[in-house]
Amino acid sequence: MIARTFRELALIGSLALIPALVSGFTQLKWRKEEPLLANEVRLATAQTWGDKVLWVDVRDEAAFESGHIPGSLRLTAAEWDAMVAPFLDQWDPEKSTIVYGKGGSDDDAHEMAERLAKELQLDGVFVLKGGWEAWQQK
């Protein structure tokens, strides 16, 4: 009788665990992260570089004014001629330049990073994977 009761309790306990296990699997972050493109960097990696980063925001003025990464400079393709000289005044070859936009697959950030690397021949230019959205979620 005791053995039967124990088996029944074990069965009931096992059945009760199934929903918890299913829920746990859906909450795990074991799924693969999106792969990085050649010039992209994740926020966690960029943060390990500390003050050796020059942040470049390619969003419009309204978005920048509503919030941006502390110390970042604004540089847009539309205002390139007016903004490139102040950018170069702040640029430091000892720092990595990390360009960010609104987030997602932000073509503006990728285009600006490419322009900085090719036209200005800067080394160490990256795009922040996830952009401003990634920063806000940290």
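Numbers here simply count residues along the sequence, with the first being 1.
The side chain to side chain donor-acceptor pair (under 3.5 Å) test applied to Glu114 returns Lys118, not counting sequence neighbours. Here Gln137 pairs with nothing under the side chain to side chain contact (heavy atoms under 4.5 Å, CB included) rule; sequence neighbours left out. Residues that satisfy the side chain to side chain donor-acceptor pair (under 3.5 Å) test with Glu133, not counting sequence neighbours, are absent from this structure.
No more than 12 heavy-atom neighbours from other residues, nucleotides or ligands sit within 6.0 angstrom of CG on Asp123. Residue Gln47 qualifies as enclosed at atom CD: its count of foreign heavy atoms under 6.0 Å is above 12. Heavy atoms of other residues, nucleotides or ligands lying less than 6.0 angstrom from NZ of Lys102 number 12 at most.
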* Could you go step by step and tell me if Phe87 and Trp80 meet the ring-ring contact (aromatic ring centres under 6.0 Å, His included) rule? -> CA-CA 10 Å; Phe87 164 78; Trp80 175 266; 7.7 Å; no

* To do: Evaluate the criterion side-chain contact (heavy atoms from CB on, under 4.5 Å) for residue pair Leu43 and Trp135; output intermediate values, then yes/no.
  => CA-CA 7 Å; Leu43 179 59; Trp135 181 269; 3.6 Å; yes

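Distance alone, capped at 3.5 Å, places no donor-acceptor pair between the Tyr100 side chain and the Gly130 backbone.
When the options Glu65, His68, Glu61 are evaluated for a side-chain contact (heavy atoms from CB on, under 4.5 Å) with Arg74, the one that passes is Glu61.
Here the straight-line distance linking atom OG1 of Thr76 with atom CG of Asp57 works out to 10.0 Å at 0.5 Å rounding.
Residues Val56 and Val125 share a hydrophobic cluster, clusters being chains of Ile/Leu/Val/Met/Phe/Trp/Tyr side chains in contact below 4.5 Å.
Separation of the Trp132 and Trp55 ring centroids does not fall under the 6.0 Å cut-off.
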